Amino acid sequence: MALPAANPGVRLGCQEAPAMGLGLAPRLALRRPAAVSRHRSTGRGKFPVAATSLDDYLPMRSTEVKNRTSTGDIASLRLITAVKTPYLPDGRFDLESYDSLINMQIEGGSEGVIVGGTTGEGHLMSWDEHIMLIGHTVNCFGTRIKVIGNTGSNSTREAVHATEQGFAVGMHAALHINPYYGKTSTEGLISHFEAVLPMGPTIIYNVPSRSGQDIPPQVIEALSGYSSLAGVKECVGHERVKCYTDKGITIWSGNDDECHDSRWKYGATGVISVASNLVPGLMRNLMYEGENALLNEKLLPLMKWLFCQPNPIALNTALAQLGVARPVFRLPYVPLLLEKRIEFVRIVEAIGRGNFVGQKEARVLNDDDFVLISRY
């Protein structure tokens, strides 16, 4: 399939605004830089690490602290959408389409959005773009839906800095993956998460198919004493979900095709969903209205189609075919082949167009309808 590549796009203007505090300037020194933790009484650690307390990250008092979102507020959410980031033909964010998509999520019953996650292509964003989009989402929708910023990184330094910025622009919680590619030890995983947990409500994301390393239960159990641990987005499967829910740890299924059973048979709180970008109302029903094998079965073809290629390739294709987002792809993502685009239209017809976001009819796009951006 020969797909046309667009002319190089321009960079997002917010990259030119270091005065707004969105750059990667060195962190300010902690007020107690000499403080060093003693050996952990649990015997996990052999080496002293720089100690930080809640006050180091939140130099606020009284009403400022009280007005922050609590960990419990995040842990109670059942439907969280890993929201798509739409683009203009020059590769910049299409904020008009993005705002429309967020409104559709709110109207469909989604209670939270992950901004700049895997689905939102945070890995294709500069940190300036990333923090700007989190701040924009909070500014426009923060009183109507919980905004969870993906501020994780394989670099602890970057994860700490991005999380500070994310909470500074108002996000309600952070999503953190374990260090990928440059994998670390069990003790390193614990220390990495301990560096970010004191900042605010945090969801840990375990997806070994992408990170290349499983976060074993011993790590989550070691971190479960942190009051800021809202829970875990778990992609390993039902048995792992049950392992945690039996211990009272909040879990969201990270797999749409497993979320119904994880919720109603294995104790998961809910799902962090890709499919809810398309059918938020039906996904809310799946999480709130008790066991519904018929609805789950009806949605399974869509869920499986969404992952016929690595996410978010299929979702990007689907939203373009629904007319909700422009058919613009930041490389290395490219649209699904024609036969899969035809299959999507048939799935929409089977489930019912009225259950999907947007108002336009689903249509099969041609190859030359898509724009691929290599510089953005």
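These numbers come from a predicted model, not from an experiment.
Test Tyr87, Phe370, Tyr376 against Phe329 for ring-ring contact (aromatic ring centres under 6.0 Å, His included) and you get one pass: Phe370. In summary, of the residues considered (Thr119, Asn316, Asn277), a side chain to side chain donor-acceptor pair (under 3.5 Å) with Lys84 occurs for Asn316 alone. Applying the side chain to side chain contact (heavy atoms under 4.5 Å, CB included) test between Met283 and each of Leu79, Leu278, Thr81 identifies Leu79 as the sole match.
Closest approach of Leu189 to Pro179, counting heavy atoms only: CD2-CD, 3.8 Å. In plain terms, the two heavy atoms of Val345 and Gln321 that are nearest each other are CG2-NE2, 3.5 Å. Across all their heavy atoms, Leu295 and Leu282 have their closest contact at CD2-O, 3.7 Å. Residue Thr317 comes nearest to Pro335 through the heavy atom pair OG1-CA, 3.5 Å, listed as atom of the first residue, atom of the second, then distance. Taking every heavy atom of both residues into account, Met125 and Thr85 meet most closely at CE-OG1, 3.4 Å. The nearest pair of heavy atoms linking Gly237 to Glu258 is CA-OE1, 3.6 Å.
Side-chain atoms of Arg353 come within 3.5 Å of backbone N or O of Phe356 as a donor-acceptor pair. For the pair Ser262 (side chain) and Ser253 (backbone), a donor-acceptor distance under 3.5 Å is absent. At distances below 3.5 Å, at least one donor-acceptor pair connects side-chain atoms of Asp256 with backbone N or O atoms of Ala275. Formation of a donor-acceptor pair under 3.5 Å by the Asn366 side chain with backbone atoms of Asp368 is not found in this model. Between the side chain of Thr245 and the main chain of Tyr266, a donor-acceptor pair closer than 3.5 Å is present. For the pair Gln359 (side chain) and Gly323 (backbone), a donor-acceptor distance under 3.5 Å is absent. No donor-acceptor pair under 3.5 Å is formed between the side chain of Asn206 and the backbone N or O of Glu234. Trp264 places a side-chain N or O within donor-acceptor distance of the main-chain N or O of Leu286, the cut-off being under 3.5 Å. Although no hydrogens or angles enter the test, the distance criterion places a donor-acceptor pair under 3.5 Å between the side chain of Asn150 and the main chain of Gly116. Between the side chain of His172 and the backbone N or O of Ile148, no donor-acceptor pair lies under 3.5 Å.
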Can you give me every donor-acceptor pair (side chain of residues 136-143, partner residue at least two apart or in another chain, under 3.5 Å) with its distance?
{"unit_1": "His136", "atom_1": "NE2", "unit_2": "Asp99", "atom_2": "OD1", "d": "2.7"}
{"unit_1": "Thr137", "atom_1": "OG1", "unit_2": "Tyr98", "atom_2": "OH", "d": "2.6"}
{"unit_1": "Thr137", "atom_1": "OG1", "unit_2": "Leu133", "atom_2": "O", "d": "2.7"}

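At a threshold of 4.5 Å between non-hydrogen side-chain atoms, the residues Pro280 and Met104 do not count as touching. You'll find the side chain of Phe344 stays beyond 4.5 Å of the side chain of Val364, heavy atoms only. In this structure, Lys360 and Leu322 have side chains that are not in contact, with every pair of non-hydrogen atoms separated by 4.5 Å or more. Looking at heavy atoms from C-beta onward, Ile204 lies in side-chain contact with Ile220 at the 4.5 angstrom threshold. Side-chain atoms of Thr163 and Met171, non-hydrogen and from C-beta on, do get closer than 4.5 Å to each other. Taking the side chain as every heavy atom from C-beta outward, Pro201 and Asp73 never approach each other to under 4.5 Å. Contact annotation: the side chain of Arg78 approaches that of Glu111 to within less than 4.5 Å [non-hydrogen atoms, C-beta and beyond]. Between Ser153 and Val160, the closest side-chain pair of non-hydrogen atoms is not below 4.5 Å.
The 12-atom threshold is not exceeded at CZ of Arg346, counting heavy atoms of other residues, nucleotides or ligands nearer than 6.0 Å.
The structure places CG of Leu315 at 8.5 Å from CZ of Phe307, a figure rounded to the nearest 0.5 Å. Distance CD1/Ile80 to OG/Ser110: 7.5 Å, rounded to 0.5 Å. In this structure, CD1 on Ile134 lies 12.0 Å from CD on Glu129, to the nearest 0.5 angstrom. Ile351 contributes atom CD1, which lies 4.5 Å from atom CG of Leu302 (distance to the nearest 0.5 angstrom). Here the OG-CD distance, from Ser100 to Glu96, works out to 8.0 Å after rounding to the nearest 0.5 Å. From His238, atom NE2 reaches atom NZ of Lys265 across 8.0 Å, with rounding to the nearest 0.5 Å.
Hydrophobic clustering places Val279 together with Val324 (ILVMFWY residues linked when any side-chain heavy atoms are closer than 4.5 Å, directly or through intermediates). Note: the hydrophobic cluster containing Val371 does not contain Leu88 (ILVMFWY, side chain heavy atoms under 4.5 Å, direct or indirect links). Both Val113 and Leu306 are members of a single hydrophobic cluster when ILVMFWY side chains are connected at heavy-atom separations under 4.5 Å. No chain of hydrophobic side-chain contacts below 4.5 Å, direct or via other Ile, Leu, Val, Met, Phe, Trp or Tyr residues, connects Ile106 to Leu77. The hydrophobic clustering, which links ILVMFWY residues whose side-chain heavy atoms are closer than 4.5 Å, places Ile272 and Val274 apart.
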(message) Is there a side chain to side chain contact (heavy atoms under 4.5 Å, CB included) between Ile215 and Val232? Walk through the geometry before answering.
(response) CA-CA 10 Å; Ile215 303 175; Val232 179; over 6 Å; no
(request) Take Glu289 and Arg284 through the test side chain to side chain contact (heavy atoms under 4.5 Å, CB included) and record every step on the way to the result. (result) CA-CA 8 Å; Glu289 297 187 359; Arg284 182 181 174 89; over 6 Å; no
(request) List the steps, then state whether side chain to side chain contact (heavy atoms under 4.5 Å, CB included) holds for Asp257 with Leu300. (result) CA-CA 6 Å; Asp257 61 345; Leu300 280 176; 3.9 Å; yes
(request) Starting from the C-alpha separation in whole Å, work towards a yes-or-no answer on side chain to side chain contact (heavy atoms under 4.5 Å, CB included) for Met132 and Phe93. (result) CA-CA 10 Å; Met132 181 277 282; Phe93 295 158; 3.6 Å; yes
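Salt bridge Arg330/Glu121: absent, no basic N to carboxylate O contact under 4.0 Å. In this structure, Lys340 pairs ionically with Glu343, as a charged nitrogen and a carboxylate oxygen lie closer than 4.0 Å. Using a 4.0 Å cut-off between charged nitrogen and carboxylate oxygen, Asp369 and Arg341 do not count as a salt-bridge pair.
The cationic group of Lys233 lies under 6.0 Å from the six-membered ring centre of Tyr205 and within 45° of the ring axis, placing it in a cation-pi geometry. The cationic group of Arg210 does not satisfy the cation-pi geometry with Tyr180, failing either the under 6.0 Å distance to the six-membered ring centre or the 45° limit from the ring axis.
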